[in-house]
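Below, read A as the first sequence line, B as the second, and so on, with proteins coming before strands; counting in each chain starts at 1. Only a predicted model underlies this, so the values are computations on that prediction, with no experimental measurement involved. Side-chain atoms are counted along with the backbone in the values below, which use heavy atoms only and exclude waters and symmetry mates.
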Protein chains: 2
Amino acid sequence: MIAGRGLSGLKTRDLAREIGCANGAVYNLVEDMDELILRVGSRTLLRLDQALSTAEGAGEPSPQETLVRIAITYCDFAAENLQLWRALFEHRMEAGKLVPDWSAADQMQLFRHIYVPLATLFPKRGADELGITARSLFSAVHGMVALGLEQKLVAVPLPALREEIAGLVRAMIDGLIARAERSHAAAAP
Amino acid sequence: MIAGRGLSGLKTRDLAREIGCANGAVYNLVEDMDELILRVGSRTLLRLDQALSTAEGAGEPSPQETLVRIAITYCDFAAENLQLWRALFEHRMEAGKLVPDWSAADQMQLFRHIYVPLATLFPKRGADELGITARSLFSAVHGMVALGLEQKLVAVPLPALREEIAGLVRAMIDGLIARAERSHAAAAP
DNA sequence: AAATTCTCTTGAACAATGTTCAAGTCTGTT
DNA sequence: AACAGACTTGAACATTGTTCAAGAGAATTT
């Protein structure tokens, strides 16, 4: 139902009718609507993880191109699973309740896809620094995908968006490498 | 009320009590809750626009550093106006209703802050291309701010986030420039 | 001054929706 | 056959956006 009509199209009564039970019975399967949404999110993250792994597997490209591939794959996944992907970020826990552990753990797993090629590119950097860079890279690409698929502003056709993302990821990596080399040259001239 | 308790903390009855009228009377001031939220959003965008203009005004820095300043200012504005800023992006129009013109126009205005320095940096590019690059740059920075201020994952202290943003913006611009020079050299060697 | 008309206000009522719960139903065990 | 435990049901409750008929007030007309 989330995939079809979005998070706001998920109603307990419709859900109960669809699975063939009384509306109250939904609460035997799930504590909350929050839990249901997080469980669906967990599946979505798993599928995203698989898509990213598949994208990495083909050929033996440079770390740069691996990162570009990951970004493009993320974009495609979001486009093909628009509502489910949106549900990952639109959902807000109701006040005072925090995300359970099993859900938080899912999210961290994804960063390793970015972390590994980054570590190859920047062997001098420590784990913390790499983690932060990975998160920044992800955030930047995520922003492009999020606002790009939001047809609110100028509607960008998907192929153009993919090109933009690829270009900007390459630019970011080039810039990061140049910056690293410059600071290296300055440190040991 | 949005600034205080967030979009989900805005209730018509509370609002009516606060302004001292019956709950029904709210609908004489505003068509909808949608309209109210968009009107608040309009004010927020105006204040953001002013903050960006102020940031540009000081000194006469290079276009690169202007773009970095803009990004940092955006980050700071989001941090200082967290709920109002979130409301800009969290709000979804109820199905089938489209954003009125006066609201859509507000959003476009902001891109000129990015567009102008970019046009200086890349005089060869056409208006369309610059517009797309501007939007990509904004999206990337927005993503970093959005996920950075979302304390859900690893909590990043604000100064560190600002540094990350500055670094990545510089890297992106360096990369874009290098890329432009390379294609220029290939075109006319 | 009285009457009329127009607008604004009020608060009840409606509809949608997440959640709870007492009563009923079913299944398996004693 | 009797009982216990679990599941199911559908009504009921609370919250919330929205509508609306009735009333209050002010301005204009007679």
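- Both Ile72(B) and Leu158(B) belong to a single network of hydrophobic side chains, linked directly or stepwise wherever heavy atoms of I, L, V, M, F, W or Y lie under 4.5 Å apart.
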Next item on the list: Show the numbers, then the answer: is there a salt bridge (Lys or Arg N to Asp or Glu O under 4.0 Å) between Glu18(A) and Lys11(A)?
Entry: CA-CA 11 Å; Glu18(A) 182 140 347; Lys11(A) 316 284 156 144; over 6 Å; no

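- Separating the CG atom of Leu29(A) from the C1' atom of dT19(C) is a distance of 15 Å, rounded to the nearest angstrom.
- Near-neighbour residues of DNA chain C inside residues 13-27 of chain B, defined by a heavy atom below 4.0 Å, number-ordered: Arg13(B), Cys21(B), Ala22(B), Asn23(B), Gly24(B), Ala25(B).
- Regarding Lys11(A), its NZ atom lies at a distance of 14 Å from the P atom of dG17(D), rounded to whole Å.
- Judged by a 6.0 Å distance limit and a 45° cone about the ring axis, Arg39(B) is positioned over the six-membered ring of Trp102(B).
- As rounded to whole Å, 14 Å separates atom C1' of dT20(C) from atom CE of Met33(A).
- One can place CG of Asn28(B) at 14 Å from P of dG11(C), the figure rounded to the nearest angstrom.
- Here Leu10(A) lies in heavy-atom contact (under 4.0 Å) with sugar-phosphate atoms only.
- By the 30° and 60° cut-offs, the orientation of the rings of His142(A) relative to Tyr74(A) is tilted.
- Spacing between atom CG of Leu36(A) and atom C1' of dT19(C) amounts to 14 Å, rounded to whole angstrom units.
- Taking NE2 from His91(B) and CG from Leu36(B), the interatomic distance works out to 9.5 Å, rounded to the nearest 0.5 Å.
- Here dT18(D) is the nucleotide among dT19(C), dT18(D), dT17(C) with the atom lying nearest to any side-chain atom of Asp32(B).
- Atoms CZ and CG, on Phe111(A) and Leu130(A) in that order, are 13.5 Å from each other to the nearest 0.5 Å.
- One can place CG of Leu7(A) at 14 Å from P of dT17(C), the figure rounded to the nearest angstrom.
- Put simply, Thr12(A) has no side-chain N or O that comes within less than 4.0 Å of OP1 or OP2 on dT17(C).
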